[in-house]
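All chains are named by letter (A, B, ...) in the order of the sequence lines, taking the proteins before the strands, and each is independently numbered beginning at 1.
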2 protein chains.
Amino acid sequence: MTNSEENYIKEIYKLSLINSNHVTTNEIAYELSTKPPSVSDMLKKLSKKKLINYEKYKGVNLTSKGQNLAIYLTRKHRLWEFFLVNCLKYNWDEVHNIAEQLEHVKSEDLINRLDKFLGFPKIDPHGEPIPDINGVFNYLDSKSLDNLGINNIGKVVGVKTDDTDFLKYLDKINISIGSKLKIIDINKFDQSFEIEIKNQVRNISFDVAKNILILC
Amino acid sequence: MTNSEENYIKEIYKLSLINSNHVTTNEIAYELSTKPPSVSDMLKKLSKKKLINYEKYKGVNLTSKGQNLAIYLTRKHRLWEFFLVNCLKYNWDEVHNIAEQLEHVKSEDLINRLDKFLGFPKIDPHGEPIPDINGVFNYLDSKSLDNLGINNIGKVVGVKTDDTDFLKYLDKINISIGSKLKIIDINKFDQSFEIEIKNQVRNISFDVAKNILILC
DNA sequence: ATTAATTTTTAGTCTAATCTAATTATTTTT
DNA sequence: AAAAATAATTAGATTAGACTAAAAATTAAT
């Protein structure tokens, strides 16, 4: 299994979650910054390996074998992201690139040990669930901050967007994964939130609140 | 810089430390499990990049640019090995393969953060020194256990051989990096050592003692 | 100092992954 | 339902890295 094949599988998986199954050649090419002929070639190859169902001109979807692989790759990626943020103190917006490389290291044992070392985390720094060793997503019922009422307390578990400006803003106002916060008040005029975090009271806009995932 | 180029640079570095400079095509091919023509091709390429000094039929050695690169790769490799052994609890004999892959991840920042996370270690699990961020080896004066006299205390910092049986034996008798041990007695007949480790007295042969690196 | 053996290099082939240009299917529009 | 537009595929070329077989250079042996 080459790195390139792995990247295609991951991308098909990602797109089929959004577009409900039917993934097209052009979409894949666009997302992977490659050209349609390259995709066509690779689809044939992946099809021969029984990782995707492919009929010419008809788009593709993953076989169960392909799906298992995609979930395993997702597991690797998210565990590495967790490591980068929690151990190496990277910001949320900096980890993707490096995790992308780390995820291609070939060793199942390595990943299971990493999982153990990190304490079997269930959610990655972007709030996405991390599949366990059996490929099972142990979803936690996280919701966006704007669903919380006054006086409720929640713990930040992720974000809904990777927008750099947004993540930088969170850093600036001291909100990070694991932060505990409490809704003090909600301004009825603009729906902005008054929250308490680390004994400080701050105001955040409705748009920001909507993009913060919390658990309570 | 491709993975393959990096592997060649590392190998030339390793061989030139042993053979004092003049590294030959066949040696490289043998060590990298490849064939001489492949090496010839790569040498031309590395020469064009000013990483090695290469004259046809005359063997090669690293330029200072190539040497810096080799030291940086060594740094990466040894830091990852340290991580694998100390954080993920791998045995000494299992880490090389995986470190080999991890070392190709492209990010200087990642390595410097890893270094910090690990506490800026100076010696890797095999007792080899880890270059710092400036490529400086901060050698510690480690010596093999058989140089220690009766009643001296030392701390295990590495091993001189990667032989699997040897490493497994050390695991079995509870000797690992960081272990403190004391020489109780030396048997004059076969030069075997009576040592105290973790409040237990054990006997080890001269051959084993010779292959354990300690600091005292 | 020739010949023999060894080492290294060149020449030409192969595979994986990519590309451009051209062709063929499929969809959409009129 | 035919023409136009879009999408996907094939054909053929390119690059990195490796290979085999053959040639050239160097070293060792007689």
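Here the P atom of nucleotide C/dA16 and the CD atom of A/Glu6 are 16 Å apart, to the nearest Å. The CD1-P distance, from B/Ile28 to D/dA18, rounds to 12 Å in whole Å. Atom CD of B/Glu5 and atom P of D/dA16 are 9 Å apart (whole Å).
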Dump the intermediate steps for side chain to side chain donor-acceptor pair (under 3.5 Å) on B/Asp41 and B/Ser38, then the final yes or no. CA-CA 5 Å; B/Asp41 283 352; B/Ser38 312; over 6 Å; no
For side chain to side chain donor-acceptor pair (under 3.5 Å), just list the numbers for B/His104 and B/Asn7, CA-CA rounded to whole Å, side-chain angles, deciding distance to a tenth of an Å, and then say yes or no. CA-CA 9 Å; B/His104 291 302; B/Asn7 287 337; 3.0 Å; yes
Side-chain donor/acceptor pairs under 3.5 Å, residues 48-56 of chain B, sequence neighbours excluded:
| unit_1 | atom_1 | unit_2 | atom_2 | d |
| --- | --- | --- | --- | --- |
| B/Lys49 | NZ | B/Glu5 | OE1 | 3.2 |
| B/Lys49 | NZ | B/Glu5 | OE2 | 3.0 |

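At the heavy-atom level, B/Thr34 lies under 4.0 Å from the strands shown only through sugar-phosphate atoms. Among the protein residues, A/Ser4 comes within range of the sugar-phosphate backbone only, with heavy atoms under 4.0 Å from sugar or phosphate atoms but none that close to a base.
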Each nucleotide N or O in nucleotides 9-11 of chain C that has a protein N or O under 3.5 Å away: list the pair and distance.
| unit_1 | atom_1 | unit_2 | atom_2 | d |
| --- | --- | --- | --- | --- |
| C/dT9 | OP1 | B/Tyr54 | OH | 2.4 |
| C/dT9 | OP1 | B/Tyr57 | N | 3.0 |
| C/dT9 | OP2 | B/Thr25 | OG1 | 3.0 |
| C/dT9 | OP2 | B/Ser40 | OG | 2.7 |
| C/dT9 | O5' | B/Ser40 | OG | 3.4 |
| C/dT9 | O4' | B/Tyr57 | OH | 3.4 |
| C/dT10 | OP1 | B/Lys56 | NZ | 2.3 |
| C/dT10 | OP2 | B/Lys44 | NZ | 2.6 |

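For A/Asn3, the side-chain hydrogen bond (donor to acceptor under 3.5 Å, both in side chains) partners are A/Lys106, not counting sequence neighbours.
Between B/Phe83 and A/Trp80, the two ring planes are tilted [angle within 30° to 60°].
How far CG of B/Asn26 is from NZ of B/Lys35: 11.5 Å, rounded to the nearest 0.5 Å.
Contact annotation: B/Thr2 side-chain N/O to D/dA16 OP1/OP2 distance is not under 4.0 Å. Proximity of A/Asn26 to the phosphate of D/dT6: no side-chain N or O atom is located under 4.0 Å from OP1 or OP2.
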